[in-house]
Amino acid sequence: MRAGAATHKRAFMRLTKYFLPLLKETPSDATIASHQLMLRAGMVRQNSAGIYSWLPLGHKVLKKIEQIVREEQDRAGAVEMLMPTIQSADLWKETGRYDAYGPEMLRITDRHDQEMLYGPTNEDMITDIFRTSVQSYKRLPALLYHIQWKFRDERRPRFGVMRGREFLMKDAYSFDIDEASARQSYYRMFVAYLNTFARLGIKAIPVKADPGPIGGDLSHEFVILAESGESGVFAHRDLVEMAPPGDVDFDSDLSGEVDKRMALYAATDEMHDEAAYDAVPADKRMEARGIEVGHIFYFGTKYSEPMGAKVQGPDGKPTTIHGGSYGIGVSRLVAAIIEASHDDNGIVWPASVAPFGAGIINLKVGDEACDRVAEELYAKLSEAGLDPLYDDSSDRGGVKFSRMDLIGLPFAITVGPRGIKDGVVEVKDRRTGERESLSVEAAIAKLTG
RNA sequence: CGGGAUGUAGCGCAGCCUGGUAGCGCAUCUGUUUUGGGAACAGAGGGUCGCAGGUUCGAAUCCUGCCAUCCCGACCA
């Protein structure tokens with residue numbers, strides 16, 4: 001047994017013991033599908049404009065997405081840390097951003113009359129940590145990230161957690177000795193993002209973004225294609241279908257993977273170049289709507305210069321480091337994935353982020369045979385790591401079926417007297433709607449195989 | 001921040017114009033009959049009508065102010 005592992009058997013996740021406040025009717029405040037479904041499926045509860053509590057079901061999905069993002073950052077060589085939500089205004093005054101940021105920044109005064117703020121991002125803080133910790137070029141390049149709550153006092157929060165004021169973000173920061181090296185760090189994150197979104201079960205494409213005052217070509221947004229997207233996207237169709245790099249060596253030259261994508265036209269409407277788009281073969285042109293779920297950019301010495309973040313170079317001279325930052329909206333992804341994957345009956349979770357791997361519906365709780373089969377299924381699926389949810393409620397069949405559809409688990413296994421008589425249970429695939437009657441063993445094999 | 005709208009039970013709504021002390025559906029609780037795709041019947045509980053003033057014998061309703069939330073725009077993970 002692993003050290004620290006629980007010695008007791010894990011309790012069944014029974015619906016009757018879970019906290020899942022579902023809504024039959026759509027709250028009138030919600031206007032887009034993901035927001036409506038998140039409320040109806042009991043995933044979140046609004047507390048203020050743009051501020052949400054994550055109820056158990058939503059919290060599970062949030063954590064699953066967070067974990068995939070984390071694993072892909074780790075794989076790309078980024079190192080995890082954690083910075084606070086509350087920051088001192090001093091650093092922001094150093095970079096000039098305290099005044100530049102405007103009313104989007106939530107400013108707080110503590111009991112000592114110190115000006116504080118709830119961080120909307122962490123460039124200033126990480127640069128401060130870096131400059132006081134690293135003095136030599138030999139420690140470069142460095143790539144650090146954290147996954148932390150942010151607050152931006154949006155003029156108009158809307159669409160649920162899609163544009164909340166408080167949101168969970170993965171933000172990574174790179175430090176390099178020069179621009180050429182910084183480009184390699186940028187490519188690392190570029191490829192890591194491709195893999196991350198692929199694992200989340202969604203198609204996110206990198207599109208050219210406004211690089212800001214630095215210029216150059218090193219700024220990309222990653223957008224999920226969905227009808228409800230906030231921005232228009234023009235892209236070469238091949239970009240959407242291109243397979244993720246997968247198992248790459250992040251210490252190798254990644255320019256091949258990146259260049260073949262950057263060579264294909266893709267831009268949001270504000271960066272759209274009509275002439276360049278016209279050069280794309282007509283049958284490869286694609287116009288769609290997109291939701292921004294990630295943004296990466298190289299910003300050079302924007303923060304290191306004013307903050308004096310320098311290292312000693314090989315020539316012995318102080319050299320200002322080159323930075324980049326890389327964000328993924330983790331909480332936004334929950335909504336974005338739903339936008340990209342739902343139907344009239346509810347959410348259709350990609351397996352990698354589903355809150356439970358499967359639902360087990362017992363149509364006749366209290367019936368000895370039904371209970372036994374349902375519990376056997378639970379135990380075996382659980383052993384196989386599928387993390388099932390057991391609907392042990394006394395609700396009628398129809399209620400159970402539609403509830404399972406609403407919360408969108410990839411599979412629902414129905415156990416009822418009728419099937420048991422024939423030695424079968426029914427397995428339903430949420431995405432296709434296909435149902436098949438299988439023996440218990442075959443059902444388990446199907447879901448775990 | 002400009003424009004628009006809405007606040008009445010957990011959710012969806014009616015009542016407001018024409019002032020008389022709050023109602024419907026769903027959900028919840030109890031009971032009975034049901035139970036393979038959102039059951040039926042009977043009964044029950046639940047509301048300072050967003051908040052504060054004002055008018056009036058009397059305000060959910062009329063007047064004034066404030067607050068909150070949503071939508072459209074301009075900005076953003």
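These figures come from a predicted structure and were not determined experimentally. In the text below, chain A, chain B and the rest are named by the order of the sequence lines, each starting its count at 1.
When heavy atoms are screened at a 4.0 angstrom cut-off, Glu221(A) is found touching no nucleic acid atom at all. If you check every strand for non-hydrogen atoms under 4.0 Å, Phe159(A) touches sugar and phosphate atoms only. Heavy atoms of Gly42(A) sit nowhere under 4.0 angstrom from any nucleic acid atom.
Geometrically, Arg107(A) does not engage Tyr101(A) in a cation-pi contact defined by less than 6.0 Å to the ring centre and at most 45° from the axis.
Atom pair Asn47(A):CG and U69(B):P shows a separation of 11 Å (rounding to whole Å applied). If you measure from atom CG of Leu168(A) to atom C1' of A77(B), you get 11 Å, rounded to the nearest angstrom. Residue Glu166(A) contributes atom CD, which lies 18 Å from atom P of A77(B) at whole-angstrom precision. What separates CG of Asp29(A) from P of G50(B) is a distance of 15 Å, to the nearest Å. A39(B) atom P lies 13 Å from atom NZ of Lys400(A), rounded to whole Å. Separating the CZ atom of Arg165(A) from the C1' atom of A68(B) is a distance of 11 Å, rounded to the nearest angstrom. Counting to the nearest Å, the C1' atom of U69(B) and the CD atom of Glu154(A) are 17 Å from each other. A straight line from CD1 of Ile51(A) to P of C70(B) spans 10 Å, rounded to a whole angstrom.
With A77(B), C70(B), C1(B) as the candidates, the nucleotide lying closest to the side chain of Arg155(A) is C1(B).
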For this session: Dump the intermediate steps for side-chain contact (heavy atoms from CB on, under 4.5 Å) on Asn362(A) and Tyr378(A), then the final yes or no.
Result: CA-CA 11 Å; Asn362(A) 185 343; Tyr378(A) 189 102; over 6 Å; no
Problem set entry | Derivation and outcome, side chain to side chain donor-acceptor pair (under 3.5 Å), residues Gln73(A) and Arg70(A) | CA-CA 5 Å; Gln73(A) 289 290 296; Arg70(A) 171 177 292 117; over 6 Å; no
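Pairing for A68(B) is with U6(B), a Watson-Crick or G-U wobble pair whose two hydrogen-bonding atom distances lie under 3.5 Å. Remark: U48(B) base-pairs with no nucleotide; criterion is Watson-Crick or G-U wobble with both hydrogen-bond distances under 3.5 Å. Across all strands shown, U33(B) is found opposite A39(B) as a Watson-Crick or G-U wobble partner, with both distances under 3.5 Å. Pairing of A60(B), defined by two Watson-Crick or G-U wobble distances under 3.5 Å, is not identified with any nucleotide. Pairing partner, C1(B): G73(B), with both Watson-Crick or wobble hydrogen-bond distances short of 3.5 Å.
Taking the six-membered ring for Trp and the full ring otherwise, the centers of Tyr186(A) and Tyr298(A) sit at least 6.0 Å from each other.
Enclosure of atom CD in Glu368(A) is not indicated, since only 12 or fewer non-hydrogen atoms of other residues, nucleotides or ligands lie within 6.0 angstrom.
Scanning atom types as modelled, one donor and one acceptor separated by under 3.5 angstrom connect the side chain of Arg40(A) and the base of G38(B).
Pairs engaging residues 22-38 of chain A under the salt bridge (charged side-chain N to carboxylate O under 4.0 Å, His left out) rule: none recorded [sequence neighbours left out]. Identified under the side-chain hydrogen bond (donor to acceptor under 3.5 Å, both in side chains) test for residues 411-422 of chain A, with sequence neighbours left out: none.
Against RNA chain B, the stretch residues 188-197 of chain A makes no heavy-atom approach under 4.0 Å. Within residues 66-82 of chain A, no residue has any heavy atom closer than 4.0 Å to RNA chain B.
Rounded to whole Å, the P atom of C51(B) lies 13 Å from the corresponding atom of G10(B). C16(B) and G73(B): their P atoms are spaced 34 Å apart (whole Å). One P atom belongs to C11(B), the other to A44(B), and the distance between them is 24 Å to the nearest Å. Taking atom C1' on both C72(B) and C17(B), the two are 28 Å apart, rounded to the nearest angstrom. Using atom C1' as the reference point in both C41(B) and C49(B), the two lie 32 Å apart (nearest Å). Taking atom P on both nucleotides, A27(B) is separated from U21(B) by 30 Å, rounded to a whole Å. Between A22(B) and G45(B), the two P atoms lie 15 Å apart (nearest whole Å). Taking the C1' atoms as reference points, U64(B) lies 15 Å from A59(B), given to the whole Å.
Under the salt bridge (Lys or Arg N to Asp or Glu O under 4.0 Å) criterion, Lys400(A) pairs with Asp391(A), not counting sequence neighbours. Evaluation of the salt bridge (Lys or Arg N to Asp or Glu O under 4.0 Å) rule for Glu166(A) yields no partner, not counting sequence neighbours. When the side-chain contact (heavy atoms from CB on, under 4.5 Å) test is applied to Arg155(A), the partners found at least two apart in sequence or on another chain are Glu104(A). Residues passing the side-chain contact (heavy atoms from CB on, under 4.5 Å) test with Asn345(A) are Asp343(A), Asp405(A), Arg430(A), sequence neighbours excluded. For Ser255(A), the side-chain contact (heavy atoms from CB on, under 4.5 Å) partners at least two apart in sequence or on another chain are Tyr187(A), Asp253(A), Asp259(A).
Where Arg403(A) and Met169(A) each meet RNA chain B at their nearest nucleotide, the meeting point lying more 5' is that of Arg403(A).
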Please list, one pair per line, the donor and acceptor atoms closer than 3.5 Å that link side chains of residues 222-230 of chain A to other protein atoms, with sequence neighbours excluded.
unit_1: Ser228(A); atom_1: OG; unit_2: Glu339(A); atom_2: OE1; d: 2.5
unit_1: Glu230(A); atom_1: OE2; unit_2: Arg163(A); atom_2: NH2; d: 3.1

Listed pairs under 3.5 Å, donor-acceptor, residues 348-357 of chain A side chains, sequence neighbours left out:
unit_1: Trp349(A); atom_1: NE1; unit_2: Ile407(A); atom_2: O; d: 3.0
unit_1: Ser352(A); atom_1: OG; unit_2: Arg199(A); atom_2: O; d: 2.6

Problem set entry | Under 4.0 Å protein heavy-atom contacts per nucleotide of nucleotides 24-37 of chain B, with B for base, S for backbone only and - for none | -BSS------BSBB
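Regarding contacts with the backbone of C72(B), a side-chain N or O of Arg156(A) is found under 4.0 angstrom from either OP1 or OP2.
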